[in-house]
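To start, the structure itself, in structure tokens.
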Amino acid sequence: MIRPKAAYFFYFAAGACLLPFLALYYAQNGMSASQIGLLSGLLPLVTLVSAPLWGGLADATQRHRPVLLLAMAGSIVVVVALSQTSGLRWLIPLVILNAFFLAPVIPLVDNTVLTMLGDRKSLYGRQRIGGAFGWGLMAPVAGWLIDRTGMSAAFGGYALLMLGCLVTVAGLPVERASGRGSYWRGVMALLRNGPWVIFLASILIGGLALSIEMSFLFLYMERLGASKTLMGITLAVSTVSELPVWFFADRLIERLGTRKVLALSLLACAVQGFGYSLMTNPLVALPIQLLHGLAFSASWAAGVALSGEIAPKGMGATAQGVFGAVSWGVRAMLGSVLGGLLFEYFGPAAAFRWGGVAALVGIGFLWVASRRTEAR
């Protein structure tokens, strides 16, 4: 299982080079906060549409490995083009294209890793931890290089590391993604499950704080005078907080239960949101980011487990797909767009403060879902 860890390492190391710094690149090109929110929200929005298209192409042709490699190569080419582009008119189509190509990468790799694990699927976090190492180790390096050479280091680093991921993935026994046959019928069945809908609402609303942080933290830190090096160190600190959560996620869920772990993660989101809203020195971001492991990794691990618990018999794969779509599609898009509007018209402190409020509302929805489940 060394190759899967390496694939996650390269993929998330590439992401650490570029994704957190894109808001700064957009700002350098004269974009307003609301325009930055629009551009940031395109990635999850396009993913919702493009992921099923890629899955359909892979299933129809039974050429899953070539489809995956084509998607990764396409992202590399588009990102290189993005590095030479300015102006909203040209940024929008390139951002959409990059989102289109990235959509199938992690779903196909995740499915392959779970298949390789067989009966040991609970150890998924110990494979995914390779991505945390990649993100954490590369983030401070990327920040240091960007400080000295500019954003070209971010784009070049992404292209090289994604190429490394492509070479690594080429050696994996890439498996088919989950079947699509009854997907939409499954979605409709799940949407008639009251506790499930309330659970999704808690994820959607409560996680807005996390989406706002991911889209606008660096822009906020830049306004407070932070260097790119400090931004990279901030990412490294957040990754350090992820490592024990990914490694012990199965034990944490077993001891506390999925709902309590998810509530704990939303509470961490709230504390982060309120903490950032009070920040006047960018160095304060370092201790606040120590909560990132609970806010992000715990919520993802608990959400996957809870989706499996709530899903009707035979609907587990569909439930996981809906959970992923809400978390990385709808929520990320809303966080970027709404966060951008709040950031621009009311200031960064207000954007993060309202994110904290949303996390508390999410805990309330989760409590209601728990009560309704107990009453059944």
Side-chain angles (χ1 to χ4, degrees), residues 11-51 53-54 70-106 138-139 142-143 145-147 149-163 211-223 226 228 231-232 235 328-345 348 351:
Y11 181 86
F12 286 97
C17 278
L18 181 62
L19 299 182
F21 301 98
L22 274 177
L24 302 178
Y25 179 67
Y26 299 149
Q28 289 173 11
N29 280 282
M31 303 295 105
S32 66
S34 58
Q35 289 173 326
I36 292 171
L38 170 64
L39 289 168
S40 300
L42 286 174
L43 174 61
L45 178 62
V46 174
T47 297
L48 281 174
V49 178
S50 62
L53 293 178
W54 280 105
L70 172 64
M72 297 178 74
S75 176
I76 294 171
V77 172
V78 171
V79 164
V80 171
L82 188 64
S83 69
Q84 306 298 315
T85 303
S86 61
L88 190 63
R89 178 183 177 183
W90 297 108
L91 285 172
I92 287 177
L94 287 174
V95 169
I96 289 174
L97 272 176
N98 189 43
F100 175 78
F101 282 118
L102 278 180
V105 176
I106 285 300
M138 186 50 58
L145 288 172
I146 293 169
D147 255 339
T149 64
M151 282 297 297
S152 60
F155 290 103
Y158 177 91
L160 288 174
L161 288 165
M162 189 59 78
L163 181 61
S211 298
I212 291 172
E213 174 210 323
M214 290 181 171
S215 296
F216 295 101
L217 177 58
F218 280 6
L219 198 60
Y220 186 18
M221 291 178 67
E222 184 181 53
R223 290 194 178 187
K228 308 300 186 299
M231 295 176 192
L235 287 179
W328 296 112
V330 181
R331 184 185 72 185
M333 178 189 65
L334 288 177
S336 296
V337 174
L338 294 178
L341 292 171
L342 288 168
F343 197 103
E344 181 172 353
Y345 293 105

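All values below were derived from every heavy atom in this structure, side-chain atoms included, with hydrogens, water molecules and symmetry-related copies excluded. Numbering starts at 1 and runs along the sequence shown.
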Identify the two heavy atoms, one from [X] and one from [Y], that lie closest to each other, and give their separation to 0.1 Å.
| X | Y | value |
| --- | --- | --- |
| Tyr26 | Val95 | OH-CG2, 3.4 Å |
| Met138 | Ala13 | CG-O, 3.4 Å |
| Gly87 | Asn29 | N-OD1, 4.3 Å |
| Cys17 | Ala154 | O-CB, 3.1 Å |
| Met231 | Ala226 | CE-O, 3.8 Å |
| Leu42 | Ile96 | CD1-CG1, 4.1 Å |

With sequence neighbours excluded, what pairs up with [X] under the side chain to side chain contact (heavy atoms under 4.5 Å, CB included) test?
| X | value |
| --- | --- |
| Ala153 | Leu145, Ile146, Thr149 |
| Leu88 | Met31, Gln35, Leu39, Ile92 |
| Thr85 | Trp90, Leu91, Leu94 |
| Ala139 | Ala16, Leu235 |

For residues 71-81, please give each side-chain donor-acceptor pair under 3.5 Å, one per line with the distance, not counting sequence neighbours.
residue	atom	partner	partner atom	Å
Ser75	OG	Asn98	OD1	2.8
Ser75	OG	Tyr158	OH	2.7

To the nearest 0.5 Å, how far apart are [atom1] in [X] and [atom2] in [Y]?
| X | Y | atom1 | atom2 | result |
| --- | --- | --- | --- | --- |
| Met214 | Ser40 | CE | OG | 12.5 Å |
| Ile36 | Phe216 | CD1 | CZ | 6.5 Å |
| Glu222 | Leu217 | CD | CG | 11.5 Å |

| query | With side chains defined as the heavy atoms from C-beta onward, is the minimum distance between Met151 and Ser83 less than 4.5 Å? | reply | no

| query | Any side-chain heavy atom of Met162 within less than 4.5 Å of one from Leu102? | reply | yes

Under 3.5 Å, sequence neighbours excluded: what are the donor-acceptor pairs made by side chains of residues 334-343?
residue	atom	partner	partner atom	Å
Ser336	OG	Ser215	OG	3.0
Ser336	OG	Ala332	O	3.0

| request: Apply ring pair (Phe, Tyr, Trp, His ring centres under 6.0 Å) to Phe21 and list each qualifying residue two or more places apart in sequence or on a separate chain. | output: Phe218

| Can you list the residues that meet the ring pair (Phe, Tyr, Trp, His ring centres under 6.0 Å) rule with Tyr11, with sequence neighbours excluded? | none

